[in-house]
Amino acid sequence: MKLARRVAAAGCTLALALGGVIALAPAASATPHACFSYVLDNKPDADKLLVQDACKVGAAGGEEDFRACYRILRDDFVPAVIAANGCRQAPQE
């Protein structure tokens with residue numbers, strides 16, 4: 001009975017560890033290009049130069065960079081959800 005609990009606990013621990021790695025995987029492939037594509041796919045009439053600038057600003061990855069990216073996109077009337085998701089994809093690893 002104790003062995004079964006240990007095996008179950010080990011399995012749960014492994015699943016949680018692998019789940020964390022999988023959850024981090026999308027962030028590892030994020031680039032300013034992903035930000036640019038995401039925003040324009042979801043708001044095709046956005047100003048391409050402003051979107052490009054915003055995504056480059058957001059590429060640094062800091063909180064202030066995210067806010068600046070978001071602000072630039074919102075000033076171009078990009079919806080809040082699209083702006084936030086795009087700026088989250090901008091940081092480079």
Side-chain angles (χ1 to χ4, degrees):
M1 187 67 145
K2 289 182 182 182
L3 179 62
R5 287 184 187 165
R6 287 183 184 171
V7 170
C12 289
T13 302
L14 181 61
L16 287 173
L18 291 176
V21 170
I22 291 169
L24 292 176
S29 64
T31 65
H33 181 71
C35 167
F36 182 80
S37 297
Y38 176 83
V39 173
L40 290 178
D41 285 348
N42 289 284
K43 179 100 168 78
D45 61 333
D47 183 323
K48 289 181 172 93
L49 290 176
L50 285 176
V51 173
Q52 181 179 17
D53 289 344
C55 292
K56 284 181 181 178
V57 167
E63 184 64 30
E64 287 300 316
D65 303 307
F66 171 83
R67 289 182 191 160
C69 173
Y70 179 82
R71 198 173 319 119
I72 292 168
L73 293 176
R74 291 293 290 140
D75 286 347
D76 190 37
F77 304 104
V78 173
V81 172
I82 295 171
N85 288 336
C87 291
R88 281 188 192 101
Q89 294 183 32
Q92 297 178 357
E93 292 295 321

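The residues of the chain are indexed from 1 along the displayed sequence.
Between Cys69 and Cys55, a gap of 2.5 Å or greater is found separating the two SG atoms.
Of the inter-residue distances, the one linking His33 atom NE2 with Gln52 atom CD reads 11.0 Å to the nearest 0.5 angstrom. With rounding to the nearest 0.5 angstrom, the CG atom of Asp47 is 12.0 Å from the CG atom of Asp75. To the nearest 0.5 Å, the span separating CZ on Phe36 from NZ on Lys48 amounts to 6.5 Å. Note that CD of Glu64 and CZ of Arg71 are 7.0 Å apart. Values are rounded to the nearest 0.5 Å.
By the neighbour-count criterion of 12 heavy atoms within 6.0 Å, atom NZ of Lys43 is densely surrounded, having more than that number from other residues, nucleotides or ligands.
Between the side chain of Asn42 and the backbone N or O of Ile82 there is no donor-acceptor pair closer than 3.5 Å.
No continuous path of ILVMFWY side-chain contacts below 4.5 Å connects Val39 to Ile72, so the two sit in separate hydrophobic clusters.
Inter-residue side-chain proximity for Leu50 and Leu73 is flagged as unmet; no heavy-atom pair is nearer than 4.5 Å. The side-chain heavy atoms of Val78 and Tyr70, taken from C-beta on, include no pair separated by under 4.5 Å.
Here the closest non-hydrogen pair linking Val51 and Ala46 is CG2-CB, 3.8 Å. Looking at every heavy atom in both residues, Gln89 comes nearest to Ala34 through OE1-O, 3.4 Å. Taking every heavy atom of both residues into account, Cys35 and Cys87 meet most closely at SG-N, 4.1 Å. In plain terms, the two heavy atoms of Asp65 and Val57 that are nearest each other are CB-O, 3.4 Å.
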